[in-house]
Amino acid sequence: MGKQGQDRKVANGLVALSSAAVLAVYSAGYTRTRAAADRFTAQTEARRPAVAEPQPVAVVAPPAPAADRAPAPVNRRPVPSSRKRTRQRSIAAITPPAPTPALSAAPTPSAPALAAPSAPSASSASASAQATADKPQYHDGTYFGWGTSRHGDIQAQVVIENGRIAAATIAQCLTRYSCSVIARLPPQVAERQSPEVDYVSGATQSTNAFYYAVVEALGQAKAK
Amino acid sequence: MPVRTEVLMGTFVTIDVVADDADAGAIDRAFAWFHTIETACTRFDEDSELMRLCAPPGRAVAVSDVLFEAIRFAVAVAEDTGGACDPTVGAAVAARGVDREHRTGRRVRAAVVDERASYRDVIVDEAARAVLLRRPLTLDLGAVAKGLAVDAAARELAPLVDFAIDAGGDLFLAGHNRHGEPWSVGIRHPRVDGELIETVRVSNRAVCTSGDYEKAHLVDPRTGASPSRAASATVLAPNAMLADALATAAFVLGPAEGIALLERHGVDGVIYGSDLSRVATTALARA
């Protein structure tokens, strides 16, 4: 597009411009980020023993049983008109006995399960940095959350172990379309652990209901 | 060998450091960058700096370094690609239903959007570090912001030498993997779930892929339609912000124009056509 000579000039500019932008942002934010990180260090010194476990953290390897019941079977179920009631019932049905007190407490029958998790929605920069600094912040256990899209709802199951996300899977798929479309997301990180390659490059599914469902489940893991 | 995953910027972000004794503080700081940049650049929060900028068009607004650099780069890419990658497509994306704040599930509506708006209506004032929007529009900095966050995190982790950052398939691979080899990166097959169409070996490079398997996101800003000539475009570049932008642009432009774009910028890449025909820059050409 356009004249070749001009393009060439601009072209070199993009590589240089991106590098300069990263440097500028990094330098400008260095102080602030460093401050947040230093606070974190101070805070964690106290509880070092718990954090310093040298054990490598397992990452999003979906557990077999959850994966089995994940996407396929429930797929084509039409979204019922009285969706909220169904949703309530199914949450109750799968809520594991022990570690999910937040879930039974959270939604009232009339309020959809999508209530915003309060902890992660802090919007100022310092608050967000602070939130990171406070990791690990999740309570061990299994948590469920719902996400909605124009095409229906998805329930995610998130397993927290040692304060970290150990697995995220689709527990129920009530979408008009097959959840195979997004089935690649839950094992996204596990995929990376395949013997074949270190990592996989591919466009993300950043907008799907599964993501919101995971966020909601993590909100419960954070609560208390 | 610390590997940590967090849910950030609408995706899973994994940081993987090879060294056993890596400084956990550096990893915390790396994750903090994602928060910092998302906070400034998200269009899913009406109170974000980005949305405050978009609210009243027609006057110059001084913006933070993060937002300024993100917008300046996004506009430069749009100019360079003739609008193939245009940050003012926010409205087109919202019209397709991608308007939910991913942290709370709350719907966000851009106020009033002028359909004729394009990147030409975003005036970047270098001296004042200010931005002026000439029409009502919503800037979508999603991809640029994610790339920028990966790059800032990579800078934070630079002293650790060997590490990988994976922000939902947008990658930065530094140094070597646990076997002392360059990182192996699989490129997702655009037509077959769970399969790779090829793998590349990289070191100190960002790798990003745009594909037609996420149609809702990729809109040709020039026509408002999803482009169909490429199935996926993968770019290897010095930083993720550039790799992401060029992958998106190359995908929109299609195989022939896309490869020309990458060669013009001196970055490597491979593009699969909708018939899965393969074109690549010289370094990735097959014998």
Side-chain angles (χ1 to χ4, degrees), chain A residues 1-2 7-8 10-11 13-15 17-19 21-22 24-26 28-29 33-34 36-37 40-41 56-57 59-60 114 116 120-121 123 125 128-129 131-133 135 147-148 150 164-165 180 183-184 188-189 192 196-207 211-212 214-216 218, chain B residues 1 3-5 7 10-12 14 25 28-29 31-33 35-36 39 45 47 65-66 69 73 76-77 80 82 97-98 102-106 148 151-152 155 164 166 168-169 171 177 183-188 193-194 199 207-211 213-214 216 234 238-239 241-242 264-266:
Chain A
M1 11 189 105
D7 282 352
R8 219 160 264 291
V10 179
L14 272 194
V15 176
L17 184 64
S18 58
S19 303
V22 174
V25 165
Y26 180 75
T33 312
R34 185 56 52 113
F40 167 80
T41 312
V57 181
V59 183
V60 192
L114 258 177
S121 57
S123 64
S128 296
T132 339
K135 305 231 148 64
T148 55
R150 289 181 303 171
R164 302 280 188 225
I165 306 164
S180 69
R184 65 167 76 87
Q188 185 180 54
V189 182
R192 169 183 65 78
E196 216 183 326
V197 293
D198 295 316
Y199 282 89
V200 174
S201 176
T204 37
Q205 306 281 322
S206 55
T207 60
Y211 180 78
Y212 309 130
V214 170
V215 169
E216 189 189 70
L218 286 176
Chain B
M1 45 173 190
V3 179
R4 215 166 101 188
T5 296
V7 174
T11 191
F12 291 92
T14 296
D28 289 322
R29 292 193 296 276
F31 274 115
W33 277 109
H35 283 281
T36 303
T39 301
D45 178 353
D47 298 323
D65 292 298
V66 168
E69 297 294 346
F73 178 73
V77 170
D80 182 78
V98 191
H102 62 260
R103 290 175 304 183
T104 65
R106 195 161 49 96
L148 185 56
D151 296 328
R155 249 180 189 277
D166 179 354
L171 310 172
N177 66 14
W183 296 90
S184 65
V185 173
I187 298 172
R188 182 167 284 154
D193 271 2
T199 67
V207 184
C208 292
T209 299
S210 281
Y213 41 85
E214 58 154 10
T234 297
N239 61 64
M241 188 167 68
L242 183 64
R264 190 156 57 75
H265 286 279

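Below, chains carry the letters A, B, ... as their sequence lines are ordered, and counting in each starts from 1.
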On a heavy-atom basis, which atom in [X] and which in [Y] lie closest, and how many Å separate them?
X: A/Leu14; Y: B/Leu242; value: O-CD1, 4.1 Å
X: B/Phe73; Y: A/Ser18; value: CE1-CB, 3.5 Å
X: B/Asp166; Y: A/Tyr199; value: OD2-CD2, 3.6 Å
X: B/His265; Y: A/Val15; value: O-CG2, 3.6 Å
X: A/Ser201; Y: B/Cys208; value: OG-C, 3.7 Å

Exercise for the section: Measure B/Asn239 against the heavy atoms of chain A and call it side chain, backbone, both or neither at under 4.5 Å. Expected result: side chain
Handout entry: Options B/Val77, B/Leu171, B/Asp65, ranked by heavy-atom pairs under 4.5 Å with chain A, top entry
Key = B/Leu171
